[in-house]
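I have placed the structure first, in the form of structure tokens, so that the comments after it can refer back to it.
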Amino acid sequence: SGAIAFRDVHFAYDPARPILKGVSFEVPAGKTVAVVGPSGAGKSTLSRLLYRFYDIQQGSITIDGQDVRAVTQKSLRSAIGMVPQDTVLFNDTIAYNIRYGRPSATDEEVKAAADIAQISGFIEHLPGGFRATVGERGLKLSGGEKQRVAIARTILKSPPILILDEATSALDTRTEQEIQAALDLVSKNRTTLVIAHRLSTVVDADEIIVLKDGLIAERGTHAGLLRQG
Ligand code: ADP
Ligand code: ADP
């Protein structure tokens, strides 16, 4: 479940400046579609529209055939997990931040999610650099570690749909590879929309959509798009 369809989607934050001018594509259930394109093309906007932070002005966005406007915010949010570009964490323990993905989770489940994201070593720490135990110094999280917290949260939440928003753009190559491996695990068999800067980070996507000037300029597999240049 979790098939997504964008049909003839038009959207503008400001009516004088359309961002999406008729965008249609599908993410079949369990598949991964990546959206690439220049900065400002409207890639992140697509994810915000799916989440219904904003309503579109024309066209439709459906999940399993149901218009997102007909779904409650609560069930939309439980169906979709987002690993954002820039993870903002609560100033509470990493364990608390992970559990936010599914408040009913047991300590063991939180620990297991942290293990997969490779942050189980510091789940009792606070993100800002101090241990939960008063006075004891802890780690200050790097961008990559924060992203792992977001990944662990999403693993715990286990939603049918995943949005990965330029999830590895801010990282060095080694961290990027490690995080990519964790993300591959999470996105396996889930409907996944990847928002990416570079073609090189989305080699395994089932389809890649190139967004330009509010329209789909090209689409295909990684190999196909490389052949076209
Ligand atoms: P991308 O993810 O492709 O870099 P975005 O979807 O973030 O692009 O943004 C597309 C365009 O919409 C950009 O020109 C951006 O400045 C503009 N934009 C994004 N968010 C808002 C907003 N909340 N209000 C007005 N304009 C916005
Ligand atoms: P949950 O669905 O797990 O209860 P939220 O609905 O608060 O959590 O947020 C889900 C995800 O969407 C989180 O990863 C959060 O960082 C992200 N998010 C929440 N609000 C916004 C927003 N206004 N813009 C972009 N991302 C957001």
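Positions are given from 1, in the same order as the sequence printed here. Just so you know, ligand 1 is whichever comes first in the structure, and atom 1 is the first atom listed for that ligand.
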Run the side-chain donor-acceptor check on residues 60-73: report pairs under 3.5 Å with partners two or more places apart or on a different chain.
| from | atom 1 | to | atom 2 | distance (Å) |
| --- | --- | --- | --- | --- |
| D64 | OD1 | G2 | N | 2.9 |
| D64 | OD1 | A3 | N | 2.9 |
| D64 | OD2 | G2 | N | 3.0 |
| D67 | OD1 | R69 | N | 2.8 |
| D67 | OD1 | R69 | NE | 3.1 |
| D67 | OD2 | R69 | NH2 | 3.3 |
| R69 | NH2 | G59 | O | 3.2 |
| T72 | OG1 | S75 | N | 3.1 |
| T72 | OG1 | S75 | OG | 3.0 |

Practice problem: Examine the side chains of Y13 and T45 and answer whether a donor and an acceptor come within less than 3.5 Å of each other. | Solution: yes

Quiz prompt | Pair listing, ring pair (Phe, Tyr, Trp, His ring centres under 6.0 Å) test, anchored in residues 16-49, at least two apart | solution = F6-F25

Quiz item: Can you tell me if CG on D213 sees more than 12 non-hydrogen neighbours from other groups inside 6.0 Å?
Solution: no

Quiz item: Hey, is K111 close enough to D115 for a salt bridge, meaning N to O under 4.0 Å?
Solution: yes

Self-check item: Residue shell around ligand 1, heavy atom under 4.0 angstrom
Solution: Y13, R17, I19, P38, S39, G40, A41, G42, K43, S44, T45, R48, Y54

Quiz item: Taking only residues at least two apart or on different chains, which pairs with a member in residues 25-40 satisfy side chain to side chain donor-acceptor pair (under 3.5 Å)?
Solution: R7-E26

